Amino acid sequence: MAGSGIGIIGGTGQLGRAIAASWLNSGAVQPEELWLVNRSGTAPGFEHYPEINVTTDRDAMLAACDTVLLCLPPDAARGMKAIAPDRLVLSVMAGIGRDELTRLSASPRVVRAMSSPAAERHLAYSPWIATAAVTEADRACVTRLLGACGLTDEIEDEDQIDHFTAMTGPVPGFVAFFAAAMTDHAIRMGIAPEIADRAMRQLFLGSGQMLSRDTRSAQEHVDEMIAYAGTTAEGLRSLQGSPLAEALSTALGAAAAKAARIGRNEG
Ligand SMILES: NC(=O)C1=CN([C@@H]2O[C@H](COP(=O)(O)OP(=O)(O)OC[C@H]3O[C@@H](n4cnc5c(N)ncnc54)[C@H](O)[C@@H]3O)[C@@H](O)[C@H]2O)C=CC1
Ligand SMILES: O=C(O)[C@@H]1CCC=N1
């Protein structure tokens with residue numbers, strides 16, 4: 001009989017450590033309940049939580065845990081068998097679908113999710129979809145765990161997880177591309193690089209907070225600035241007539257297509 005702990009396989013990787021941190025500093029998981037499984041058996045950066053369990057021994061984790069998060073590269077998971085028999089299994093791995101997760105984990109209770117390293121600041125977006133065997137009690141557990149990472153929604157169409165993998169999985173991800181392009185523009189306008197960098201970081205911090213806290217949608221913000229008919233409107237109208245939005249959609253589609261290829265084990 002497994003204990004009531006929660007294990008993360010890949011628990012000290014880029015995403016695993018962010019999720020573990022979100023659970024610990026929100027109190028969603030008590031340190032003594034948390035098991036981090038990796039290949040070193042060490043967890044630098046978690047010194048503040050000496051009670052957590054860090055191990056290379058998956059069986060030791062399974063003996064203590066009834067819930068397991070798979071947070072390792074898809075190919076690494078595909079090299080494992082019976083990863084977490086009959087546990088509640090969550091995955092944030094790109095591409096791998098519920099059917100394959102059920103086979104790899106040897107558990108019918110599977111939740112395929114997506115999250116991001118922004119979980120460390122409780123700012124991730126974590127959509128998820130479950131198999132039929134997932135119970136209402138499981139759903140409450142999933143909502144608690146992914147809710148500690150930021151915002152979370154149960155969705156109905158598994159294909160959408162690939163699109164979220166593209167859009168909200170990487171943070172700062174595609175937004176960093178825009179920040180870099182604006183920083184480059186500032187430098188080309190003669191602004192000192194360190195000032196350009198500082199200004200754009202502040203711009204994206206302020207924009208993110210305003211977009212997240214305001215009731216208006218992003219499109220409503222754009223429409224209002226165009227209606228204001230000031231300097232910004234001049235630039236936004238130029239953007240509206242450009243191929244930028246279509247180019248961005250093509251790029252996000254390419255990332256989602258890569259996730260789908262991973263799911264088909266086509267690399
Ligand atoms: N890094 C990101 O921004 C995001 C990553 N993901 C997904 O999360 C998963 C992990 O990605 P990252 O954290 O970036 O990778 P990572 O390479 O930073 O961490 C992976 C961790 O898994 C461990 N690991 C590998 N094989 C193992 C095994 N057989 N047993 C135990 N531990 C093992 C590694 O030691 C490492 O600590 C991937 O499936 C990725 O698609 C999803 C969304 C965002
Ligand atoms: O780029 C990647 O493959 C991972 C999955 C989503 C974000 N980062």
Side-chain angles (χ1 to χ4, degrees), residues 6-23 34-46 52-62 64-65 68-84 87 89-98 100-101 104-106 110-129 145-146 149-152 158-177 251-267:
I6 297 179
I8 306 179
I9 301 180
T12 54
Q14 196 182 128
L15 182 56
R17 65 172 40 256
I19 293 175
S22 79
W23 290 352
L34 183 63
W35 286 71
L36 304 183
V37 180
N38 61 16
R39 291 178 298 189
S40 66
T42 62
F46 287 91
I52 66 171
N53 308 275
V54 187
T55 183
T56 59
D57 182 350
R58 178 160 44 106
D59 290 337
M61 177 275 290
L62 290 174
C65 299
V68 178
L69 171 65
L70 307 183
C71 197
L72 64 169
D75 285 348
R78 285 173 165 147
M80 301 161 80
K81 291 192 184 318
I83 299 174
R87 273 41 175 210
V89 174
L90 290 82
S91 168
V92 286
M93 298 187 291
I96 300 192
R98 285 177 294 175
E100 184 176 7
L101 287 166
L104 289 173
S105 64
V110 160
V111 171
R112 182 187 176 190
M114 189 35 60
S115 192
S116 80
E120 186 170 6
R121 301 166 188 268
H122 314 293
L123 293 175
Y125 180 69
S126 307
W128 57 279
I129 188 166
L145 294 176
L146 296 181
C149 299
L151 296 182
T152 185
E158 182 165 2
D159 289 345
Q160 293 177 4
I161 296 284
D162 286 339
H163 293 293
F164 283 112
T165 301
M167 297 185 290
T168 57
V171 179
F174 289 89
V175 175
F177 181 91
L252 293 169
K258 167 78 174 182
R261 287 198 300 276
I262 291 170
R264 296 190 300 269
N265 209 357
E266 293 166 1

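Counting starts at 1 for both ligands and their atoms, following the listed order. Being a predicted model, the structure only gives us computed values, none of them experimental.
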May I ask you to say whether Asp162 pairs ionically with Arg112, meaning some side-chain N is under 4.0 Å from a carboxylate O?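 Counted as a salt bridge, because a side-chain N and a carboxylate O are separated by less than 4.0 Å.
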
Numbering the atoms of ligand 1 from 1, which are under 4.0 Å from a heavy atom of [X]?
X: Met93; value: 39 (O)
X: Ala76; value: 26 (N)
X: Thr12; value: 37 (O)
X: Ser115; value: 43 (C), 44 (C)
X: Val92; value: 6 (N), 7 (C), 8 (O), 42 (C)

More than 12 foreign heavy atoms under 6.0 Å from CZ of Arg261: is that the case here? yes

Option set [options], criterion heavy-atom distance to [atom], minimum:
atom: atom 32 (N) of ligand 1; options: Asn38, Ile96, Thr56, Leu69; result: Asn38
atom: atom 9 (C) of ligand 1; options: Val171, Ile262, Leu72; result: Leu72
atom: atom 5 (C) of ligand 2; options: Ile262, Thr165, Leu15; result: Thr165

Would you mind reporting whether Val68 and Arg58 have side-chain heavy atoms less than 4.5 Å apart? no

Do the side chains of Val89 and Leu101 get nearer than 4.5 Å, heavy atoms only?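 No. Closest side-chain heavy atoms not under 4.5 Å.
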
Determine the minimum heavy-atom distance between Thr152 and Ser126, stating which atoms define it. OG1-O, 2.5 Å

N or O contact, [X] vs ligand 1, cut-off under 3.5 Å:
X: Leu15; answer: yes
X: Ser116; answer: no
X: Ala94; answer: yes

Is ligand 1 less than 4.0 angstrom away from at least one heavy atom of [X]?
X: Ala77; answer: no
X: Pro170; answer: no
X: Arg58; answer: no

Closest approach of any protein heavy atom to [atom], naming residue and atom:
atom: atom 29 (N) of ligand 1; result: Met80 SD, 4.0 Å
atom: atom 23 (C) of ligand 1; result: Gly10 CA, 3.9 Å
atom: atom 34 (C) of ligand 1; result: Arg39 NH2, 3.7 Å
atom: atom 20 (C) of ligand 1; result: Pro73 CD, 3.7 Å
atom: atom 44 (C) of ligand 1; result: Gly169 O, 3.4 Å

Apply side-chain contact (heavy atoms from CB on, under 4.5 Å) to the pair Leu69 and Trp23, showing each step before the final yes or no. CA-CA 12 Å; Leu69 171 65; Trp23 290 352; 3.9 Å; yes

Any non-hydrogen protein atom below 4.0 Å of atom 37 (O) of ligand 1? yes

Please tell me if atom 15 (O) of ligand 1 is touched by the protein, where touching means a protein heavy-atom distance below 4.0 Å. no

Return yes if a side-chain donor-acceptor contact under 3.5 Å exists between Asp57 and Thr55, otherwise no. no

